[in-house]
Colleague: 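Can you keep this structure in mind? I'll have questions shortly.
Given the structure is predicted, the values throughout are model-derived calculations rather than measurements. Residues take their numbers from the sequence shown, with the count starting at 1.
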Amino acid sequence: MGNQNYVNQNQPGSKMREVSLPRLLLLTFRRWRSMLLVGLILAMLLAGMKVIREYRNRGVSNVAQEEYLAAMEIYNSSVEAYSTSIEKFQTKIDSKQKYFNESLLMQLDPHNECVSSVTFVARTPGLENADKADASSASAVNASNAAHACTDFILNGISYDKIAEKYDVPEQSIRELVTVVADQYHFSSVFKVQARSMDMKMSSEIMDVIQKALEDNRDHLVKTIGEYELNVVSRSEEVVVDTALLQQQTELQNSIATLQKNLQTSQTALKELIKPSVAAGASMKTIIKHGIKYGIVGMAGGIFLMILLYAIHILMTGKILTDDEINIAYGLRNLITMPAGNRRGKSRFPLDRLVDKLVNDAPDMSVSAAYDVLAARVENYAVPANVSSVIVAGTIEPTRLSSFTNTLNKHAKKDNSPVSYEASSNLTEDASAIRRLRQADACIVVEEIGASSFRDVSEEVEMILSSGKPILGTVYL
């Protein structure tokens, strides 16, 4: 009759249990009031200690002040160094960029350069009669000196202001367009002058200025270097590819790009410098914030501690955690798990009802309906077996067991049930309860999850089964 699997072991409470950790944690939440109380106490203690300690130490220490001053000195030095570097890089960039933009030489197309060239030869008296094999003769040296003096005059002595004014450019920009090619290491009197520009007309005009200046200043040069003759060997105008100029322009652009990169690096480093915070004591806002943090930690710690203690207490006392522990151990059926409203004290606080519902896993119905269902189920199992007298046994408080039994009798009589119920607690210790058990036809066991001891209930079930009385099922509150 639902307990055919029972074998009397003569060792009550020796049945193996499987503890449900989620159900164990849920049972601890029945003590949520004490959890919150301990959490609040611990939160106030930790928060109070933190606030008091920081309030007492809110002043600035000498060490912190010294560290701040040292950090500020390093910060100021870094700012000054980066600012100086930025200024120098910017000055160089501006200067080089201005030269690149304004210089006619830098604006020339190296692959399409218009060049006017004149080759000169300098002669001095007696050069015709000098020994051709002796390149170091006085006449040869004098001719070479005259050639060098003329090239120096071309590069540094000629004024290009008129032509510069004509083309509205600086004189230096015109001077850069003039080059002289001469043998600097031998006694040569031949040298070549080139005037470069964007168009051949300008190149020719510059060369005309050079030739005219050499003629106009001949007397002055003769007084300086002695008698000489300067003859034109050849003159030509052509468009050439100037690889040397291309390299010169490229080097200048690369130089500007490198300076700009260094400038950007210094500017980024300056922006990324973090100014040290002023050494100051903790403000009240900071102190309160730290107090709140410690309060939260204390609250969480207090609740966790109480959960742990209650879980240990439940395990140490061997409380029933679920409504199937006894049923599985002894092959019993569960008649019903009563709704939370039937718990001791009938707590009506919403959180209490929620916890009870989660712990008991009771059906979603009223207490009255649950009694009607219970009476019907007992009757369904009792009538076919000719059972009319049922003992309601349990290890819960006798008054509560009696109240439960009386209510169950009322619902049974209301439905004209042939089954009657009698409360009988302390079956393992009360002789009169044991005698009532012998007179009854069957039993139901009523226990409370999280309150009834697994060992005590096991002893009770062992005694009932040993007496030969069938157990119709179990009811959990």
Side-chain angles (χ1 to χ4, degrees), residues 1-31 307-338 342-344 356 359-362 390-405 423-438 440 442-477:
M1 191 173 290
N3 53 297
Q4 291 82 357
N5 297 330
Y6 167 70
V7 176
N8 190 346
Q9 314 242 345
N10 295 320
Q11 292 183 352
S14 63
K15 294 288 184 179
M16 294 297 295
R17 298 180 63 192
E18 292 185 3
V19 177
S20 172
L21 182 59
R23 186 57 60 91
L24 175 62
L25 294 177
L26 285 173
L27 284 172
T28 63
F29 286 125
R30 280 183 170 176
R31 305 291 184 89
I307 290 176
L308 181 63
L309 292 177
Y310 283 137
I312 293 174
H313 174 73
I314 292 173
L315 291 176
M316 293 296 292
T317 54
K319 304 299 183 183
I320 296 176
L321 303 181
T322 64
D323 54 10
D324 56 6
E325 289 186 60
I326 296 296
N327 296 350
I328 293 175
Y330 292 97
L332 305 177
R333 66 171 64 91
N334 183 22
L335 295 173
I336 195 169
T337 299
M338 299 298 292
N342 192 59
R343 284 196 64 244
R344 176 170 40 196
D356 285 336
V359 170
N360 292 338
D361 197 19
V390 176
I391 287 293
V392 180
T395 62
I396 62 177
E397 294 180 358
T399 54
R400 191 172 182 209
L401 184 63
S402 296
S403 176
F404 173 83
T405 304
S424 182
S425 60
N426 297 327
L427 281 178
T428 58
E429 300 176 359
D430 190 345
S432 61
I434 297 173
R435 292 188 181 93
R436 285 196 297 273
L437 174 63
R438 189 174 59 221
C443 291
I444 63 173
V445 177
V446 180
E447 300 296 344
E448 181 179 353
I449 296 174
S452 299
S453 168
F454 182 87
R455 181 179 181 82
D456 293 342
V457 176
S458 296
E459 291 180 359
E460 178 185 59
V461 172
E462 292 274 1
M463 176 170 289
I464 295 173
L465 295 177
S466 297
S467 68
K469 300 296 181 180
I471 298 178
L472 299 179
T474 57
V475 178
Y476 292 95
L477 306 180

Colleague: Can you tell if the side chain of Val475 reaches within under 4.5 Å of the side chain of Phe404, non-hydrogen atoms only?
Modeller: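 Result yes, sub-4.5 Å side-chain heavy-atom pair found.
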Colleague: Locate the shortest heavy-atom distance separating Ile391 from Ser424; write the atom from each residue and the value.
Modeller: CG2-CB, 3.6 Å
Colleague: To the nearest 0.5 Å, how far apart are CG in Leu465 and CG in Leu332?
Modeller: 6.5 Å
Colleague: Go through the steps to decide whether Ser425 and Ile396 satisfy the test side chain to side chain contact (heavy atoms under 4.5 Å, CB included), and finish with yes or no.
Modeller: CA-CA 8 Å; Ser425 60; Ile396 62 177; over 6 Å; no
Colleague: Quick one: are Val445 and Ile326 in side-chain contact, heavy atoms under 4.5 Å?
Modeller: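 No, their side chains stay 4.5 Å or more apart.
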Colleague: Would you name the heavy atoms of Ala393 and Leu427 that are closest together and state the gap between them?
Modeller: CB-CD1, 3.5 Å
Colleague: Report the residue from Glu447, Glu459, Glu460 that forms a side-chain hydrogen bond (donor to acceptor under 3.5 Å, both in side chains) with Thr395.
Modeller: Glu447
Colleague: Say whether, by atom type as modelled, one donor and one acceptor occur between the side chain of Ser403 and the main chain of Thr399 under 3.5 angstrom.
Modeller: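 No; judged by distance alone, with no hydrogens or angles, the pair does not exist.
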Colleague: Pair Leu472, Val390 - check side chain to side chain contact (heavy atoms under 4.5 Å, CB included), show working.
Modeller: CA-CA 9 Å; Leu472 299 179; Val390 176; 4.1 Å; yes
Colleague: Check Ile471 against Arg333 and note the closest heavy-atom contact, atom names and distance.
Modeller: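 Nearest heavy atoms, Ile471 then Arg333: O-NH1, 4.4 Å.
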Colleague: Check Cys443 against Leu437 and note the closest heavy-atom contact, atom names and distance.
Modeller: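 In this case the closest contact between Cys443 and Leu437 is SG-CD1, 3.0 Å.
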Colleague: Check the pair Met463, Ile434 against side chain to side chain contact (heavy atoms under 4.5 Å, CB included), reporting the backbone distance first and the verdict last.
Modeller: CA-CA 9 Å; Met463 176 170 289; Ile434 297 173; 4.2 Å; yes
Colleague: Out of curiosity, Asn327 CG to Leu335 CG, how far, rounded to the nearest 0.5 Å?
Modeller: 9.0 Å
